[in-house]
Asker: 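Below is the structure I would like to discuss, written out as structure tokens.
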2 protein chains.
Amino acid sequence: MGRLRQALTHREAGVVESLITRTEHVEDGRVLLRRGTTVEHSTILIEGYILRTMQGSDKRHILATHVPGDFIDMHAFALKRLDHDITALGPALVGYARHEDLRIMMEQEPHLARLFWFSTLLDAAIHRTWILKMGELRVDQRIAHFICEMWAKLDMVGLARADGFNSPLRQSDLAEITGSTPIHVNRMLRDLREAALVEFRRGRVHCRDRGRLVQFARFDPSYLYGAGDLAMHDQLSVTAIS
Amino acid sequence: MGRLRQALTHREAGVVESLITRTEHVEDGRVLLRRGTTVEHSTILIEGYILRTMQGSDKRHILATHVPGDFIDMHAFALKRLDHDITALGPALVGYARHEDLRIMMEQEPHLARLFWFSTLLDAAIHRTWILKMGELRVDQRIAHFICEMWAKLDMVGLARADGFNSPLRQSDLAEITGSTPIHVNRMLRDLREAALVEFRRGRVHCRDRGRLVQFARFDPSYLYGAGDLAMHDQLSVTAIS
DNA sequence: CGTTCCCTTGAGTAGTTTCAATACTTGTGG
DNA sequence: CCACAAGTATTGAAACTACTCAAGGGAACG
């Protein structure tokens, strides 16, 4: 369960793993779950990257990105029909858990039920930050902000380097993430590169001075609930509740 | 519970109401819950309007609006510390439910627990639509879209008229909602008025042709999970599950 | 070694913000 | 009832930001 693993007892981690009844390799661009479809299982991302996407009037938009260890559609369990699509970014490995098993487990394990709920609330908190940043930042800053977010999330699951990270993201993906156009993203990446803030080359992110990038993007990681004033340790550590 | 009441049995509705241990009248602009604060209760909006707000680098932003019947911070139950502020828009009446009571109730009433979870997932779905619309619509369309959303939500709880609705919203609020400026909002409202799409005067919304407004805003209400291809009746009606 | 996908650049246009200034409304006290 | 104050709404002009259309360049993969 990636970053949430620390909040699980050894026994609980075993319970979660036993829920995964099937794994699957998916190729780049594969739509794992399409808006409006009824599903009887939820998905966990084991390797690679997954996107939440929505079709706009003309272009597709990316609403969220996920890293290994994330539950991708725990909310499909309560919603049954999703409002958006789940799409693979690059090749990925996913695991499936049946809703029937989840339902039984959640009645027997209130602490785990609450953790699953928490993971969907975390998605909402990230959405809110995206709304805020779309409202107040220019496209170059939004790109920088997204890079900071991705970097921070990869850090949490040990997939980042000290000077950056790798991903299958293209410039057109950054356009769909920031609500801009590939051409404008291209120019903004050039500016970021020339300002020595960050280099983005075919998904490879390289940055010498993370502090400057964070400052430029006005990035405050607390909305990821990993550390800082909103951190979850109090209420989610195994010793603290129910 | 407003729009979710239809998904409750008579007994369950009673259970929910018994959770409200205290009500309070709050004045315009009052911050009911501030980011980072630990709380031991959750809030239901009984009368008036409530906003989710976040402080940006210079200006405040509005991330969501709530109408009577909405649970405002059910997610505070699982998150304990919120990432945003809860602010009254105009005078409002709210009720409080203690987290301890909620926890006990949710263990005894899995169906209700799931409904509460659903209400937080609904917020996330609305966030996603806002992100999408901020990415693809111009400010005039975003204003129209927000008006459509508000109108639809008020419809669900019987607080709208056939030709519009009233609210304490100011033009500057629309600016904070759409991520724009009061001055630009003012011009866009003039354009909307001159195009006979919708009139907005000090919170009073008047529209003769709702269909045209919906089309202009590219508004598709299904993300509100009230009707249409994502509607919740299947999985949330009292007869259907657990 | 060529095809395909992705990235890059230029020029013109559209949308939005900012600054500065002016009016309208609403409520309050004289 | 009028005058004033505070908040809210409106307008103009200039600067900035981002988009569109059109074309060219480069890297990766077979």
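What's counted below: heavy atoms across the whole structure, side chains too, no hydrogens, waters or symmetry copies. Each chain gets a letter, A, B and so on, in the order the sequences are listed, and its residues count up from 1.
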Asker: I'd like to know whether the aromatic ring centres of A:His84 and A:His61 sit less than 6.0 Å apart in this structure.
Answerer: no

Asker: Just so I know, are the side chains of B:Asp140 and B:Phe216 near enough to count as touching, which here means a heavy-atom distance under 4.5 Å?
Answerer: yes

Asker: Salt-bridge test for B:Asp123 and B:Arg52: reply yes if a basic N is under 4.0 Å from a carboxylate O, no otherwise.
Answerer: yes

Asker: Given D:dT10, is OP1 or OP2 found less than 4.0 Å from the side-chain N or O atoms of B:Arg193?
Answerer: yes

Asker: Evaluate side-chain contact (heavy atoms from CB on, under 4.5 Å) for B:Val67 paired with B:Met150, printing each intermediate quantity in order.
Answerer: CA-CA 8 Å; B:Val67 301; B:Met150 205 66 186; 4.2 Å; yes

Asker: Please report the distance, rounded to the nearest Å, between CD in A:Gln171 and P in D:dA27.
Answerer: 13 Å

Asker: Has B:Asn186 got a side-chain N or O lying under 4.0 Å from the OP1 or OP2 atom of D:dT10?
Answerer: yes

Asker: Give me the ring orientation class for B:Phe165 and B:Trp151: parallel if the planes are under 30° apart, tilted from 30 to 60°, perpendicular past 60°.
Answerer: tilted

Asker: Measure the distance from CZ on B:Arg202 to C1' on D:dA9 and round it to the nearest whole Å.
Answerer: 7 Å

Asker: Just how far, in rounded Å, is P of D:dC19 from CE of B:Met134?
Answerer: 13 Å

Asker: Does the plane of the ring in A:Tyr96 sit parallel, tilted or perpendicular to the ring in A:His41? Use 30° and 60° as the thresholds.
Answerer: perpendicular

Asker: Calculate the interatomic distance between A:Glu199 atom CD and C:dT8 atom P; express it in whole Å.
Answerer: 11 Å

Asker: Between atom CG in A:Leu189 and atom P in D:dG26, what is the gap in whole Å?
Answerer: 18 Å

Asker: Given atom CZ of A:Arg170 and atom C1' of D:dA27, what is their separation to the nearest angstrom?
Answerer: 15 Å

Asker: How does protein contact run along nucleotides 11-20 of chain C, one letter per nucleotide 5' to 3', with B for base contact, S for sugar-phosphate only, - for none, heavy atoms under 4.0 Å?
Answerer: B---SSBBBB

Asker: Both distances under 3.5 Å, Watson-Crick or G-U wobble: on that basis, could you give the dot-bracket string for DNA chain D, with [ ] for crossing pairs and | for other-strand partners?
Answerer: |||||||||||||||||||||||..|||||

Asker: Any Lys/Arg nitrogen of A:Arg138 or A:Asp191 sitting under 4.0 Å from an Asp/Glu carboxylate oxygen of the other?
Answerer: no

Asker: To the nearest angstrom, how far is B:Arg190 atom CZ from D:dG12 atom C1'?
Answerer: 11 Å

Asker: Side chains of A:Arg128 and B:His127: is there a donor and an acceptor less than 3.5 Å apart?
Answerer: yes

Asker: Round to a whole Å and report the spacing from CD of A:Glu176 to P of C:dC6.
Answerer: 11 Å

Asker: Going by an N to O cut-off under 4.0 Å, is there a salt bridge joining B:Arg30 and B:Glu24?
Answerer: yes

